[in-house]
Amino acid sequence: MQPAPYPTAPPGATAGPDATGDAAHVAAALAAAVDRSDLPLPGAGRTLERWQELARLGARDLTLARVVEAHTDALAVLAEAGAGDLVPPGSTWGVFAAEAAGTRLDARPDGPGWRLSGRKPWCSLAGALSHALVTARTPTGRRLFAVSLRGADVRVVPGAWHARGLRAVASGPVDFDDVAATPVGEDGWYLHRPGFAHGGAGVAACWYGGASAVAAALTRSLTAPGVREPDQLARWHAGENDLDLWRSRLALEHAAAEVDAGRAAGTAGARLALRTRSVVAAAAEAVLARTGHALGPAPLALDAEHAARVADLTVYLRQHHAERDVAALGGDLAEDLAEDLAEDLAEDPAQDPAGGGAGWPR
């Protein structure tokens, strides 16, 4: 049985925009994000509570989870930088840190401040947010800046977002025309701070929530009145979904404990985030596939809520870099293992290459 803090079904769920349209859906999500601006910060002893709340939101509505996660992540970044005073009351935030070929955002010093010019890709909800944290190229590297998005010098490129999943969370490019910006941290700080790994693992909690709601559709079908008796394959699909979700919860709980214990900085933090995201992403993709196999086309074609949730989760999961992330983990482990074995054998030529002594073998 799943522990109570995690979602097991989506009671009252409303996946995807309702009849009032995408704008109303986003407005409601932004209001919910502001209401949750006081979510526990990662690494402050209550990381699991933070991620469980994101998971509950993901089970309810992945657009809602996507908006709340980005807003609260930006606030966590500012808190980590000691720059919480940059957040006006009621403001809404995003984090625009992606790069893409053919686009570039440059930052230049301007007296005591900075100015940003160029194009930034993948700017989620730039037309609806009040502020954002944006990475840009400086003369000496890559740096994070806080900007207001409400001026005429910030222009969302129209017609760029054609997604069928997370369709309300428009994430196209934005042009910055000599926009005033406040630096947050030094060059390179954003990517190398401990919180970068913490935030990456937090996104996986949203994926978990969405996957749990998709899996719940299959579980409910096993006992739904008026349907044929479930066969062994349907039960197998449901059982496999449960195992994947259980593994995901264990990964998230372990990661939260490591973050709160201060053991998730530097290489250890990057590896923890890679493992956690990869475990949850693989589980969510397997849940999508199995549930589709078990239920067939009907809910994808005739159930608006389920169809929207499947599309949303499919798009959201592409924030994970799939095989490239797992390959990066493998390369990292190979380097570490070679170094460890060389040190062990230098100290004791008879050392067991599998790793001796207490604890798990390598």
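Throughout, residue positions are numbered sequentially from 1 according to the sequence presented. All values below come from the heavy atoms of this structure, side chains included, with hydrogens, waters and symmetry mates left out.
Applying the ring pair (Phe, Tyr, Trp, His ring centres under 6.0 Å) test to residues at least two apart or on different chains, the pairs with a partner in residues 117-138 are W93-H131. The side-chain hydrogen bond (donor to acceptor under 3.5 Å, both in side chains) pairs that include a residue from residues 192-207 are E80-R193, where partners are two or more places apart or lie in different chains. Sequence neighbours left out, not one pair with a member in residues 257-292 passes ring pair (Phe, Tyr, Trp, His ring centres under 6.0 Å).
Residues N241 and T291 have side chains that bring a donor and an acceptor to within less than 3.5 angstrom of each other.
Transitive grouping of hydrophobic side chains (ILVMFWY, heavy atoms separated by less than 4.5 Å) keeps L313 and L295 in distinct clusters. No path of Ile, Leu, Val, Met, Phe, Trp and Tyr side chains, each step under 4.5 Å between heavy atoms, connects L288 with V279, placing them in separate hydrophobic clusters. A single hydrophobic cluster is not seen to contain both F176 and V95; linkage of ILVMFWY side chains at heavy-atom distances under 4.5 Å, directly or through other members, places them apart.
D244 has a carboxylate O that lies under 4.0 Å from a charged side-chain N of R290, or vice versa, which qualifies the two as a salt bridge. Ion pairing between a basic and an acidic side chain is recognised when a charged N comes within 4.0 Å of a carboxylate O; R155 and D177 show no such pairing. The existence of a salt bridge linking R108 and D178 is confirmed by a sub-4.0 Å separation between a basic side-chain nitrogen and an acidic carboxylate oxygen.
Side-chain contact between L105 and V134 is present, with at least one heavy-atom pair separated by less than 4.5 Å. Inter-residue side-chain proximity for Y190 and V184 is flagged as unmet; no heavy-atom pair is nearer than 4.5 Å.
Within 6.0 Å of CZ in R164 there are 12 or fewer heavy atoms belonging to other residues, nucleotides or ligands.
Although no hydrogens or angles enter the test, the distance criterion places no donor-acceptor pair under 3.5 Å between the side chain of T103 and the main chain of K120. Side-chain atoms of D260 come within 3.5 Å of backbone atoms of T47 as a donor-acceptor pair (strictly under, hydrogens ignored).
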